[in-house]
Amino acid sequence: MNVFRAAATLLAAWLISAPVSAQMVDYQRLDDRLTTLAAGDDIVGLSVAVIENGEITFAKGYGLTRLGDGVPVTDQTVFRWASLSKGVASSTAVRLVKEDLLSLSDTVASLGTSLRLPGGGEKRATLENLLSHMVGIVPNAYDTRLEDGRDPVTIRRAIGRLRATCAVGECHTYQNVAFDAVSEAIESRTGQSYAETVSSRIFEPLEMATASFGRVALQSAKEWAEPHVRRSGVTQRRNVKEAYYRVPAAGGANGSIRDLALFARAQMGLAPDVLSTDVLAALHTPRIYTRREQSSMSRRYGGHLRDARYALGWRVYKYGEAGHRVVGHR
């Protein structure tokens, strides 16, 4: 079994909307439990942050950045964000909609992307369809070609030769290579690189000091968490692979847990000058029910998470009997 909790961990952001109240988290108990967790054989290192009553009240690292001879993980250790990058991409895109540089109704074809869809679907699929994974193709289309080192632009053009899974806009099929067409759309409309646009619209205004894009940036960080894999009960170090860094909107972002907490605060509406109320409403409004995700999360969380839906780069659930809204990615 592959284990990517630890120094290759896929950080997860969960935003639960609930009434603001007096401090309720027992931070000493939390710290004790995380210390115990980090001491386990299947954990190399991890970082955790808590936002309570709108403030970052806890941010701490545990374990090591590298098995054996790494330095301790801190709240400044840079992790690969993997698919959390999709929330970064959608936030940037919808902010550009607010600036009238993009429209959610723009077609994929009109946005100057390399993505081709079955039956000329790129002429019907919109930016909204793209950000909600509703472009009508098989899930994770041609991820294996990306992992084999092929050029994402070439792969996106080849997607048009696939057989359609459903009509555009009628089903949710999670994507990486196709989803990254949003980075091309952003570059086309802004005249900047994708990384420059995200930095100027999201990272810099939120003071996300260690946030970046790409493998080189990850490995150039002052302290960064290396990937590990656990097989047959043994945890081993592994190299950082380039594949998904070549689709930056889908999997190219890096940052510390402190950066992630700042980004999460913005998603909670606590940085309205960066992500306004109407931008967040567009981002977090569900577009489609995701039956397969509902089944998976119900098993994992004992039925407490329900009504699984997908918005724009974010998943949306209801939690518990009270139906608290949860926005996140895993």
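Bear in mind that the values here come from a model prediction, so they are computed numbers and not experimental data.
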**Asked** Knowing that exactly one of Thr77, Asp75, Thr210 qualifies, which makes a side-chain hydrogen bond (donor to acceptor under 3.5 Å, both in side chains) with Ser256?
**Response**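 When side-chain hydrogen bond (donor to acceptor under 3.5 Å, both in side chains) is applied between Ser256 and each of Thr77, Asp75, Thr210, only Thr210 qualifies.
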Between atom [atom1] of [X] and atom [atom2] of [Y], what is the distance when rounded to the nearest 0.5 Å?
{"X": "Ser103", "Y": "Arg189", "atom1": "OG", "atom2": "CZ", "result": "8.5 Å"}
{"X": "Gln267", "Y": "Ser90", "atom1": "CD", "atom2": "OG", "result": "7.0 Å"}
{"X": "Glu187", "Y": "Gln192", "atom1": "CD", "atom2": "CD", "result": "9.5 Å"}
{"X": "Gln175", "Y": "Arg156", "atom1": "CD", "atom2": "CZ", "result": "11.5 Å"}
{"X": "Arg95", "Y": "Leu101", "atom1": "CZ", "atom2": "CG", "result": "10.5 Å"}
{"X": "Asn129", "Y": "Glu170", "atom1": "CG", "atom2": "CD", "result": "10.5 Å"}

Taking the side chain as every heavy atom from C-beta outward, state whether [X] and [Y] have any pair of such atoms under 4.5 Å apart.
{"X": "Thr173", "Y": "Val138", "value": "no"}
{"X": "Tyr27", "Y": "Lys60", "value": "no"}
{"X": "Tyr142", "Y": "Arg150", "value": "no"}
{"X": "Leu130", "Y": "Thr113", "value": "no"}
{"X": "Val240", "Y": "Glu226", "value": "no"}
{"X": "Asn176", "Y": "Lys86", "value": "yes"}
{"X": "Ile257", "Y": "Phe79", "value": "no"}
{"X": "Thr277", "Y": "Pro272", "value": "no"}

Taking every non-hydrogen atom, the tightest pair across [X] and [Y]:
{"X": "Ala89", "Y": "Phe179", "answer": "CB-CE2, 4.0 Å"}
{"X": "His228", "Y": "Leu67", "answer": "NE2-N, 3.0 Å"}
{"X": "Ala311", "Y": "Thr285", "answer": "CB-O, 3.4 Å"}
{"X": "Leu102", "Y": "Ala93", "answer": "CD1-O, 3.8 Å"}
{"X": "Ala264", "Y": "Ile51", "answer": "CB-CD1, 3.8 Å"}
{"X": "Ala271", "Y": "Leu206", "answer": "CB-CD2, 3.6 Å"}

Verify the cluster assignment for [X] and [Y]: are they in a single hydrophobic cluster under the rule of side-chain heavy atoms below 4.5 Å apart?
{"X": "Ile137", "Y": "Val153", "answer": "no"}
{"X": "Val71", "Y": "Leu46", "answer": "no"}
{"X": "Val94", "Y": "Met134", "answer": "no"}
{"X": "Val247", "Y": "Ile159", "answer": "yes"}
{"X": "Leu260", "Y": "Leu280", "answer": "yes"}

Side-chain donor/acceptor of [X] to backbone N/O of [Y], under 3.5 Å:
{"X": "Trp81", "Y": "Gly255", "result": "yes"}
{"X": "Arg265", "Y": "Gly54", "result": "yes"}
{"X": "Asn140", "Y": "Asp143", "result": "no"}
{"X": "Asp307", "Y": "Lys318", "result": "no"}

**Item:** Stepwise side chain to side chain contact (heavy atoms under 4.5 Å, CB included) check, Tyr62 with Asp31
**Value:** CA-CA 9 Å; Tyr62 300 83; Asp31 184 53; 2.6 Å; yes
Crowded around [X] [atom1]? As in, over 12 foreign heavy atoms under 6.0 Å?
{"X": "Glu207", "atom1": "CD", "result": "no"}
{"X": "Asp41", "atom1": "CG", "result": "no"}
{"X": "Asp26", "atom1": "CG", "result": "yes"}

**Message:** The test is side chain to side chain donor-acceptor pair (under 3.5 Å); show your working for Thr65 and Glu223 and say whether it passes.
**Reply:** CA-CA 8 Å; Thr65 58; Glu223 52 181 284; over 6 Å; no
**Asked** So, Tyr317 and Gln294: side-chain donor and acceptor under 3.5 Å apart, yes or no?
**Response**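 Per modelled atom types, Tyr317 and Gln294 side chains form no pair under 3.5 Å.
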**Prompt:** Yes or no on side chain to side chain contact (heavy atoms under 4.5 Å, CB included) for Leu275 and Ile202, after CA distance, side-chain angles and deciding distance?
**Reply:** CA-CA 8 Å; Leu275 297 178; Ile202 305 293; 4.0 Å; yes
**Test side chain to side chain contact (heavy atoms under 4.5 Å, CB included) applied to Val50 and Leu30, step by step** = CA-CA 10 Å; Val50 176; Leu30 175 64; 3.7 Å; yes
**Message:** Does the plane of the ring in Tyr194 sit parallel, tilted or perpendicular to the ring in Phe213? Use 30° and 60° as the thresholds.
**Reply:**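 Ring orientation of Tyr194 relative to Phe213: perpendicular.
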**Asked** Do the rings of His172 and Tyr310 sit parallel, tilted or perpendicular, given the 30° and 60° boundaries?
**Response**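 The arrangement is tilted - the two ring planes meet at 30° to 60°.
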**Prompt:** Are the aromatic ring centres of Tyr174 and His133 under 6.0 angstrom apart?
**Reply:**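 They qualify: ring centres under 6.0 Å apart.
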**Request:** Evaluate side chain to side chain donor-acceptor pair (under 3.5 Å) for Ser114 paired with Glu184, printing each intermediate quantity in order.
**Result:** CA-CA 8 Å; Ser114 59; Glu184 297 178 312; 2.9 Å; yes
**Asked** So does Asp69 pair up with Arg237, basic N to acidic O under 4.0 Å?
**Response**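 A salt bridge is present here (some side-chain N lies under 4.0 Å from a carboxylate O).
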**Asked** Can Arg246 and Asp180 be counted as an ion pair, charged N to O under 4.0 angstrom?
**Response**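 No salt bridge links Arg246 with Asp180.
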**Request:** Please identify each residue that fulfils side chain to side chain donor-acceptor pair (under 3.5 Å) with Ser295, with sequence neighbours left out.
**Result:**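 Scan of Ser295 (side chain to side chain donor-acceptor pair (under 3.5 Å), adjacent residues dropped) gives Arg299.
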**Request:** Among Ile, Leu, Val, Met, Phe, Trp and Tyr joined by side-chain contacts under 4.5 Å, find the other residues sharing a cluster with Val216 and list them by chain and number.
**Result:**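 Via sub-4.5 Å side-chain contacts, Val216 links to none.
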**Message:** Going by the rule ring-ring contact (aromatic ring centres under 6.0 Å, His included), which residues pair with Tyr245 if we only count those two or more places apart in sequence or in a different chain?
**Reply:**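 Tyr245: no ring-ring contact (aromatic ring centres under 6.0 Å, His included) contacts found.
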**Prompt:** Yes or no on side chain to side chain contact (heavy atoms under 4.5 Å, CB included) for Leu96 and Thr197, after CA distance, side-chain angles and deciding distance?
**Reply:** CA-CA 10 Å; Leu96 293 174; Thr197 301; 4.2 Å; yes
